[in-house]
Amino acid sequence: MNQKTQKALMWGIPVLILLLLGIFFYWKHSAASGPVTSNLPNPEFEAQQVQETQAAGQSRGIQIPGYSIIPVQADTTDVEVDLYNPEGNEVYFQISFILKDTGEVLYESKLIQPGQHLYNITLNQPLAAGDYDITIQYSTFSTDGSYTPRNGANMDCVIRAGN
């Protein structure tokens with residue numbers, strides 16, 4: 001083997017290995033996150049699990065869906081978004097959108113049963129074009145008929161009002 005071939009192999013093999021590792025990790029990350037499919041605008045969905053302690057000392061999770069950005073039309077109160085209580089939760093949800101800078105409630109749902117979705121909601125006021133920092137407040141209540149408050153969650157989000 002001549003010196004040029006040895007030099008090419010000395011640099012080419014590590015570069016090829018790094019390239020293959022990069023492709024592998026990119027593919028692994030893409031496959032793990034999976035596509036989000038919906039006929040609604042992509043709300044940049046994330047999920048969080050809140051632990052709830054039962055009387056017997058066992059712990060189970062409440063699945064809490066979260067959103068980083070919710071797109072809405074400017075100057076309207078009608079919003080298409082998939083607010084839901086995941087199947088398998090043993091609590092009702094009440095979801096509120098609260099403006100961070102004023103504490104004003106933009107939206108508050110009725111109780112949402114496990115497995116139930118709300119696709120169309122009405123805000124308390126229209127929003128001019130722009131970004132609005134909100135807290136999505138998940139209040140949870142027992143499904144045993146007593147409606148006892150359970151562990152909830154607050155999530156940061158942005159409502160992006162546009163045309």
Side-chain angles (χ1 to χ4, degrees), residues 23 25-163:
I23 291 170
F25 285 113
Y26 175 78
W27 173 80
K28 184 177 178 184
H29 174 71
S30 295
S33 62
V36 175
T37 57
S38 173
N39 59 349
L40 302 173
N42 183 353
E44 298 187 22
F45 175 78
E46 340 173 308
Q48 173 179 327
Q49 185 167 338
V50 175
Q51 292 297 316
E52 179 177 284
T53 304
Q54 297 176 333
Q58 298 175 349
S59 184
R60 69 165 185 254
I62 299 172
Q63 293 294 318
I64 305 282
Y67 306 84
S68 53
I69 296 174
I70 297 175
V72 303
Q73 289 293 318
D75 302 316
T76 183
T77 57
D78 299 325
V79 177
E80 288 185 13
V81 64
D82 185 8
L83 300 180
Y84 68 97
N85 185 350
E87 189 78 38
N89 277 346
E90 295 180 8
V91 294
Y92 293 115
F93 277 0
Q94 182 176 44
I95 300 173
S96 302
F97 294 174
I98 302 167
L99 284 172
K100 281 189 169 189
D101 59 348
T102 65
E104 184 179 354
V105 177
L106 286 177
Y107 172 75
E108 186 173 86
S109 74
K110 297 184 188 253
L111 293 182
I112 303 170
Q113 300 174 19
Q116 183 180 13
H117 292 253
L118 300 177
Y119 295 107
N120 297 297
I121 64 169
T122 302
L123 299 178
N124 294 334
Q125 68 182 45
L127 298 173
D131 285 355
Y132 298 85
D133 291 328
I134 66 166
T135 298
I136 300 178
Q137 182 180 60
Y138 290 89
S139 300
T140 62
F141 303 91
S142 65
T143 57
D144 62 4
S146 69
Y147 304 102
T148 305
R150 306 305 282 253
N151 290 341
N154 290 331
M155 304 242 179
D156 292 335
C157 181
V158 171
I159 290 183
R160 181 162 292 151
N163 297 325

TODO: Would you name the heavy atoms of S142 and R150 that are closest together and state the gap between them?
DONE: CB-NH1, 3.6 Å
Open item on the list: List the residues meeting side chain to side chain contact (heavy atoms under 4.5 Å, CB included) with P86, not counting sequence neighbours, and say none if there are none.
Closed with: Q63, P65, Y84, N89, F93
- [ ] List for me each residue that meets ring pair (Phe, Tyr, Trp, His ring centres under 6.0 Å) alongside Y132, sequence neighbours excluded, and say none if there are none.
- [x] none
Task: Sequence-distant partners of D78, side chain to side chain contact (heavy atoms under 4.5 Å, CB included), two or more places apart - done: T76, T122
Task: Smallest separation among heavy atoms of I159 and V72, with atom names - done: CG2-CG2, 3.6 Å
Open item on the list: Would you compute the distance between atom OG of S139 and atom CG of N154 and round it to the nearest 0.5 angstrom?
Closed with: 8.0 Å
Open item on the list: Once rounded to the nearest 0.5 Å, what's the spacing between atom CG of N85 and atom CD of Q113?
Closed with: 9.0 Å
Task: ring pair (Phe, Tyr, Trp, His ring centres under 6.0 Å) partners of residues 144-163, not counting sequence neighbours, each pair once - done: Y92-Y147
Task: Where at least one partner belongs to residues 138-147, residue pairs that pass salt bridge (charged side-chain N to carboxylate O under 4.0 Å, His left out), sequence neighbours excluded - done: none
Open item on the list: I need the full list of salt bridge (charged side-chain N to carboxylate O under 4.0 Å, His left out) pairs touching residues 91-107, with sequence neighbours left out, sorted by first then second residue.
Closed with: K100-D156
Open item on the list: If I compare all heavy atoms of C157 with all of I69, which pair ends up nearest, and what's the gap?
Closed with: SG-N, 4.2 Å
Open item on the list: Any heavy-atom pair between the side chains of Q94 and S109 that's under 4.5 Å?
Closed with: yes
Open item on the list: I'd like to check V105 versus I98 (side-chain heavy atoms, cut-off strictly below 4.5 Å). Are they in contact?
Closed with: yes
TODO: Keeping to residues at least two apart or across chains, list the salt bridge (charged side-chain N to carboxylate O under 4.0 Å, His left out) pairs with something in residues 106-121.
DONE: none
Task: With sequence neighbours excluded, residues passing salt bridge (Lys or Arg N to Asp or Glu O under 4.0 Å) with D131 - done: R160
Task: From OG1 (T140) to CD1 (I95), nearest 0.5 Å - done: 11.0 Å
TODO: Can you sort out the partners of A74 under side chain to side chain contact (heavy atoms under 4.5 Å, CB included), two or more places apart, ordered by chain and number?
DONE: A129, A161, N163
TODO: Give the C-alpha distance, both sets of side-chain angles, the deciding distance and a yes or no for side chain to side chain contact (heavy atoms under 4.5 Å, CB included) between Y107 and V81.
DONE: CA-CA 12 Å; Y107 172 75; V81 64; over 6 Å; no
TODO: Please report the C-alpha distance between I70 and F97 in whole Å, then the side-chain angles of each, then the deciding distance to 0.1 Å, and finally whether the side chain to side chain contact (heavy atoms under 4.5 Å, CB included) criterion is met.
DONE: CA-CA 11 Å; I70 297 175; F97 294 174; 3.8 Å; yes
Task: Point-to-point distance, once rounded to the nearest 0.5 Å, from CD1 of I112 to CG of L83 - done: 6.0 Å
- [ ] Drop me the distance from L127's CG to I134's CD1, to the nearest 0.5 angstrom.
- [x] 9.0 Å
